[in-house]
Every structure is written in structure tokens, then in C-alpha cells.
Amino acid sequence: MTALRNIVERRTIAVLVDNEPGVLARVIGLFSGRGYNIESLTVTEVEHEKGLSRITVVTTGTPQVLEQIKAQLDRLVPVHRVADLTQQGPNVERELALVKVAGTGDKRVEALRIAGIFDAEVVDAGLDFFIFEASHRPDKLDRFIALMKPLGMVEMSRTGVVAIARGKEGI
Amino acid sequence: MPATLKAVETTSADAAPAEAQAAAHQPTATHTGAEMVVKALVDQGVEVVFGYPGGAVLPIYDALFEQNRLQHILVRHEQAAVHAAEGYARSTGKVGCVLVTSGPGATNAVTGLTDALMDSIPVVCLTGQVPTHLIGNDAFQEADTTGITRPCTKHNYLVKSVADLPRILHEAFYVASTGRPGPVVVDLPKDVLQAKGGYVEKERVVHRSYRPQTEPDPAAIARVVDLLQGARRPMIYAGGGVINAGPEACRLLTELVHLTGAPVTNTLMGLGAVPGSDPQFLGMLGMHGTYEANLAMYSCDVMLNVGARFDDRVTGRLSDFSPNSTKIHIDIDPSSINKNVMVELPVVADAEAALRAILAEWKRRSAHTDRKALDAWWQQIEAWRGRDCLRYEQKGAVIKPQYAIQRLYELTAAVEREKGIETYITTEVGQHQMWAAQYFKFERPNRWMTSGGLGTMGYGLPAAMGVQIAHPDALVVDVAGEASILMNIQEMSTLAQYELPVKVFIVNNQWMGMVRQWQELLHGGRYSQSYSASLPDFVALAAAFGAHGIRCEKPEELDDKIREMIETPEPVIFDCCVAQEENCFPMIPSGAAHYEMLLGPDDKAAKPISEEGMVLV
Ligand SMILES: Cc1ncc(C[n+]2csc(CCOP(=O)(O)OP(=O)(O)O)c2C)c(N)n1
Ligand SMILES: [Mg+2]
């Protein structure tokens with residue numbers, strides 16, 4: 001029982017908040033102030049008329065810490081709803097990356113070929129570079145990026161994870 | 001900029017820009033922001049504001065000047081304003097209100113705000129701010145007040161438009177006082193205070209997202225009664241949440257204690273939640289709690305925690321905390337549940353609502369506990385009580401600090417009995433605070449104000465000021481240490497100005513006694529920087545502030561001089577010179593378990609403190 005409790009898990013948590021000034025600082029301050037981990041955090045307004053933003057945060061911790069994280073988030077005054085997408089059931093996670101690969105010759109051809117396998121789109125290109133856009137589960141994106149590195153990757157930018165529960169129910 | 005809360009009839013303007021909102025209010029734009037501040041405070045039932053002026057808040061001081069509904073108490077330091085508001089709030093159950101200027105005014109308030117957050121005290125603190133167009137420019141007396149106070153408030157606001165002002169003010173009071181109470185800061189740029197806008201009544205303001213859960217889940221209540229009924233060694237452990245829930249919650253708690261026959265202990269913040277003289281009350285628990293309270297916590301089979309948070313000062317070493325009990329935790333704050341100690345049965349609710357429901361269910365079932373088991377339990381507890389862990393000997397020519405505090409308690413209790421003068425006690429932080437918690441018996445809630453969570457030296461005098469404002473005819477005593485009192489001694493001047501007859505009872509051991517005690521017990525007697533050197537002559541100091549000074553050095557003079565203090569109509573500084581090297585016992589060293597308590601000086605070498613314990617504070 002105690003052993004189980006000490007296992008560190010990864011969770012994806014969606015937080016619906018009032019889009020007011022300082023709300024992101026509040027959430028981030030909560031994590032840093034209480035020593036929780038942030039693996040990824042994304043935020044944007046999702047319902048303009050209602051002034052609601054959605055924060056998706058991927059975090060790790062023991063079950064007790066994860067319960068604390070959710071309770072602490074829920075306690076913030078501008079928070080409407082906290083949903084633990086991992087715990088709730090199946091969900092879809094996506095992340096987008098822009099990957100710049102420079103080079104010529106075989107490496108360039110190989111980069112394009114692998115990009116094709118990963119359904120990455122070429123969003124800009126020159127004779128000696130490509131910029132690919134890929135959107136996948138974070139672990140698949142990791143693999144794509146790992147392959148691009150030896151092929152001349154010079155820069156990369158990732159959005160962080162967005163996620164949604166499967167099925168017809170809303171948050 | 002979407003609003004967080006909408007005035008019910010202006011929904012369409014809700015998401016509109018601030019200017020448009022202001023325009024929508026144009027027909028009624030009859031108040032300046034500063035006037036709205038005063039109006040909102042009055043509407044919220046505020047009678048007293050503790051504050052200190054400065055450039056950014058002068059418009060509010062103008063508005064205060066033209067009215068007589070709100071009393072303004074001019075403190076001498078902004079930290080003291082917040083502590084005074086805390087004392088006021090804690091002794092009345094109302095929200096305490098603070099007004100300070102931008103920059104240094106706001107930063108000086110930070111300790112007080114943190115204190116109020118840790119002890120869940122409802123405070124609304126209005127801070128001035130530089131005009132909106134200067135924010136971010138390092139303007140004179142600019143500080144990022146919302147940034148600085150974000151982690152030390154329950155919530156905070158920067159008001160960017162006068163159109164949002166009345167809503168935010170009402171919301172601030174709502175957030176501060178409901179759910180788990182706490183401090184709320186409203187940062188007010190000067191141009192917003194000078195702009196004109198329409199006032200919104202507090203009834204028209206409904207919060208968008210914040211909805212504390214107050215009613216308990218009936219199924220959980222039924223299980224609480226199951227567990228209490230089946231308990232053979234029950235234990236009730238109640239904290240500041242019951243005091244916050246109000247006197248009725250305290251009455252219900254006492255009723256439950258009597259109905260179940262269970263022993264009860266209070267945390268430092270919970271003292272007064274059940275009458276101190278109740279035979280079922282085992283005294284305070286925790287690091288300096290009683291032997292019987294801590295051992296009963298260790299040995300119980302069902303623990304009912306009402307409004308306490310399993311703080312480290314209470315639990316000692318977590319792995320050895322009450323290892324064999326089924327734990328029930330009633331708390332209004334879901335994040336308190338399973339934070340430090342995993343419990344079997346959480347109940348998220350207001351303490352009063354939960355206690356009422358438990359009592360109703362108990363009575364409906366005509367429930368009762370196993371008499372025989374309970375008798376055996378009480379027999380065990382009486383044996384622990386028989387150790388008389390708070391025993392001390394007053395002998396010789398020097399006053400023992402425990403004796404000083406016990407006599408203070410008995411003589412103030414006598415005055416209350418004989419003359420009906422209510423006593424309110426505040427404290428500073430240190431040994432004197434723990435002795436006060438041990439030797440005073442509080443028969444009612446709201447009579448004991450102390451800095452529990454943050455342990456803020458300098459809390460007691462300003463808090464006493466706030467209490468005295470709220471209870472002008474009461475006897476208000478700050479039980480102080482000679483080191484702590486110097487942290488906010490300037491407030492003696494406030495006492496003089498408002499003729500507040502607060503009594504400062506200094507337990508003067510010439511040491512930062514609690515620090516010295518730790519150095520003696522845990523740091524090999526290296527008394528580094530803990531001696532109170534160059535102390536002022538407290539009697540002369542009293543005179544300098546227009547107060548009455550008393551010094552007492554002999555045990556036989558103590559009673560008369562305490563009576564003299566009580567009977568003095570002015571503020572008093574009582575310099576009680578006590579034994580210098582007395583330690584506060586019982587003590588559970590940090591990182592130790594309840595059963596590893598040190599009962600007195602001869603106990604200290606019994607067991608070396610663990611390495612894990614040494615890193616704890
Ligand atoms: C603002 C602040 N600084 C430091 C401390 C650490 N501290 C705790 S008790 C104490 C000594 C208090 O001395 P005194 O007021 O004389 O009380 P005594 O313990 O002697 O009764 C200190 C320095 C604190 N609690 N608060
Ligand atoms: Mg001292």
C-alpha cells in the first residue's frame with residue numbers, strides 16, 4: 001500500500017479559468033511555491049464571450065501529491081473547473097512542433113523521407129533547409145525530433161500539450 | 001478584459017471594454033472611486049479601518065475626511081495595521097479592514113497578510129497604487145503589489161477601471177469571509193480613485209466561479225456516526241476552523257463531546273472552542289501540548305478532526321502519528337484533506353453545518369458509545385493526567401514564568417467572575433506564548449488571539465489594539481516576551497492616541513527564550529545571538545508613551561502588581577522579571593513522535609534528536 005502510494009505518475013490536468021490578469025501567474029506560482037512539477041503547460045482563451053481560458057498542465061507526482069495539486073488548483077478563486085483527464089479515462093493528447101533542419105545531399109533527402117513517415121508538413125523550405133510542422137502525441141513527437149537531430153536539426157519549437165477527453169461529454 | 005463577476009443587470013456590458021462599461025454607467029456616474037471605496041466599506045458593515053496614509057491613497061483619505069460612518073485608526077506601521085485587523089476579526093467574527101499606501105505601505109503589510117493567510121483570518125487590505133499609466137515604469141513608490149502578495153493572500157485584485165471597482169470591492173469581502181477565510185488585497189491605482197463611475201450595490205454582485213462547499217454529504221455524516229458509535233477509544237481534535245465557523249459551531253462541538261463522552265483536545269488556534277474547564281478537555285496538543293492530549297491522540301482508535309489541519313507542530317513525526325486510528329477529517333477546504341495525513345473519511349463542509357448534521361444523526365439513532373470501553377479509555381487518560389505534566393515549582397526569590405502566567409490567568413479570571421469584565425488574550429511568539437496556551441483556560445471562543453501558523457513576533461500588541469477597539473470595555477492583555485514586544489513597540493503611540501487601555505504583560509527572561517531553549521536542547525548549548533542585550537527600561541518606556549509602567553521582581557509582589565495593572569485605566573507595560581533559563585515543557589522535539597515527549601529538564605538527555613529532526617524547524 002505505502003509502496004503504491006510512492007509511485008510517481010504522470011497526469012494531464014485541464015483547468016478552466018476566468019481569463020483575468022494574473023491568472024496564469026497564480027497557477028504557475030502555485031506549482032513553484034509548493035514544489036510541484038510542470039512538464040508542460042499551455043493556455044489560451046477558449047470561450048471569448050464567457051471570458052474563459054483553458055490551461056492544460058502535464059505534471060508528475062505521487063497520488064497524494066496529485067490529489068493536492070488538483071485541490072490546490074480548485075481552490076484558486078478564478079478557477080471554474082479542474083479535470084484530471086488521465087484519471088477520467090481515455091483522452092486525446094496532441095502537441096505541435098516546428099522543426100528546422102538545415103543541410104544538403106543525403107541528409108536532406110532522408111529528413112524529407114522521415115518527415116513523410118511522420119505526416120509532417122513542409123511549411124517553409126530553401127535549397128539547404130526545411131521547416132517541418134508535425135502534430136502528434138508528445139512521445140511520438142519526441143521520436144520524430146530524435147530522428148531529425150542527426151539529420152541537421154538546428155532549431156525546434158514545441159507548443160506543449162493540449163488534451164481533451166474522448167467521448168461525447170464536455171468538461 | 002472580461003470581468004470575473006457581473007452586476008446582474010449589466011450582462012451585455014460584461015465582456016465589453018472597460019471604457020464602454022464606464023459609459024454604460026454614465027447616467028449614474030456620480031461617485032469618485034475613492035467615494036465608492038468608502039461607500040462599499042460602509043455597505044459591507046465595516047466600522048473600523050486600520051490604516052496609514054500616503055500619496056497614492058490620499059483620495060481615499062479625502063473621502064474619509066468627509067464622513068463619520070467609518071472610524072480610521074492611524075497605526076504606526078503597516079504591519080501593525082494588518083495584525084490589528086486580525087485581532088479585530090478574530091475577536092468579533094467580522095472582516096478586518098486595512099488601508100495602506102502604495103510601495104512601502106504595501107510591502108510593510110506583507111508579514112501581516114501572510115500571518116492572516118496561515119491562520120485563515122478574514123482581512124480585506126486596500127493598497128494604493130501609482131496611476132495606471134505609470135504602472136510598470138518604476139514610478140515613485142511603485143511596487144508590484146499584486147505580484148508580491150499573490151502567494152500571501154487568498155486572492156488579490158488590481159483594479160484597472162473605476163467601472164470594475166464596486167464589484168471588486170464587494171467580491172473582496174465575499175472571498176475574504178466565506179469558505180476558508182483569508183486575506184484579500186485590492187490594489188487601487190490613484191487615477192481609478194479619482195475617476196467617476198456608478199456605484200453597484202453589494203446585493204447585485206454574484207461571483208462567477210467561487211462557490212465554497214458548506215453543506216456536508218449526508219452519506220459521509222452517517223459514516224461519521226457509525227465510526228463514533230463503534231469507537232472504543234475515540235478522540236476529538238478541534239482547531240481554528242471551529243472558531244472561524246462561529247460560536248454556534250463551538251457550542252455544537254461541546255454538545256457532541258458531551259453526547260459521545262469522548263475526550264477532546266484543541267490546537268493552538270482552536271483554544272476556546274470547548275470550555276477550558278470542561279472535564280473532557282485534555283488541553284492543547286502538539287509540540288508543547290499536554291502529555292494526556294498527545295498520548296490520547298497516539299492511542300485512540302477513532303479520531304474526529306474538526307477544522308484542524310494536521311500541522312507539523314501537532315503531528316510530530318508523521319510515520320508515528322496516531323498509527324492505529326481511523327481518521328475523520330471535517331474541513332471546509334478540500335486541499336486540507338490528505339495533505340499531511342491520509343484520512344479514511346473526509347467531510348468537506350463548514351464545521352457548524354457538519355456538527356449540526358452529526359448531532360442530528362446521533363440523536364435520530366439514539367446512538368451511544370460502548371460504555372465499558374469508554375470507561376477503560378478514561379481510566380487510561382486519567383492515569384496520563386496524573387503525571388501532571390504542567391507541574392512546576394515556584395520556590396526561591398525569582399518568579400517562575402509559568403507562575404507569572406498562571407497568576408495572570410487566575411487574577412483575570414477572578415475579575416471576570418466578580419466584575420463581569422471579559423478578558424481577551426493576545427500573545428507574541430516564543431515560550432511565553434506556549435505557557436499562555438498551557439496555563440490559560442478559555443471558556444469561550446474568540447478570546448484568544450495568537451499567531452499560530454506563521455509564528456510572527458510582533459503580532460500581539462497590534463492584535464490587542466484591534467481587539468480593544470472592538471471591545472472597548474474588555475480587559476485586553478498582550479502576553480509578551482521582551483524580544484517580541486520590541487518588534488512592534490511603536491504601537492504604544494497608537495494606544496495613547498486612541499486611549500486604548502491595552503495591558504502589555506512582558507514575561508521578561510532576558511532571552512529569546514524559545515531560541516535559547518532550542519540551542520540548549522538541540523544545538524549543544526551554543527547560545528548564538530539569542531541573548532536580549534541592551535533592553536530598554538520598560539517602565540521608563542511606558543512613561544515615554546504616556547502609559548503606566550510596572551516592574552515586578554518578587555514572587556510575593558506579583559498578585560498585587562497584576563491587580564494594579566488590571567485596575568489601571570490607562571495602557572500598561574508590565575515588566576515581569578522572571579527566571580531566565582526556564583524551559584517550556586512538555587516538548588516533543590521536532591521529528592519525534594508523540595510518545596517521545598520530554599516532560600521536564602531531567603528528560604532531555606533521554607534520546608538524541610534524529611538527524612531528520614534536526615533539519616526541521
Ligand atoms: C518575526 C520573527 N522573527 C524570528 C522568529 C523566531 N523566534 C521564535 S521565538 C523567538 C524568541 C522570542 O523571544 P521573546 O519574545 O523574548 O519570547 P520568549 O521565548 O523569551 O518567551 C524567535 C526569535 C519569529 N518567530 N518571528
Ligand atoms: Mg524572552
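Convention: sequence-line order gives letters A, B, ...; per-chain numbering from 1. None of these values were measured; they are calculated from a predicted model. Keep in mind that the numbers below use all heavy atoms, side chains included, and drop hydrogens, waters and symmetry copies.
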With a 4.5 angstrom heavy-atom cut-off, is it the side chain or the backbone of B:Arg180 that approaches chain A, or both, or neither?
side chain

Is atom CG of A:Asp106 surrounded by more than 12 heavy atoms (other residues, nucleotides or ligands) closer than 6.0 Å?
no

Nearest heavy atoms of A:Gln68 and B:Ser335, plus distance in Å:
NE2-O, 2.6 Å

So how far is it from A:Glu20 CD to B:Leu158 CG, rounded to the nearest 0.5 Å?
11.0 Å

Taken to the nearest 0.5 Å, the spacing of A:Arg75 CZ from B:Tyr210 OH works out to 9.5 Å

Flag if over 12 foreign heavy atoms under 6.0 Å of NZ, A:Lys100:
no

Is the shortest heavy-atom distance from the side chain of A:Asp18 to the side chain of B:Arg208 under 4.5 Å?
yes

How far apart are the closest heavy atoms of B:Lys339 and A:Gln72, and which atoms are they?
CD-NE2, 4.5 Å

Part of B:Asn156 lying under 4.5 Å from any heavy atom of chain A:
both

I need the minimum non-hydrogen distance between A:Gln64 and B:Asn338, along with the two atoms involved.
NE2-O, 2.8 Å

Output yes when a side-chain donor or acceptor of B:Ser209 lies under 3.5 Å from a complementary backbone atom of A:Val77, and no otherwise.
yes

Take atom CD1 of A:Ile164 as the centre, draw a 6.0 Å sphere, and report whether it contains more than 12 heavy atoms from other residues, nucleotides or ligands.
no

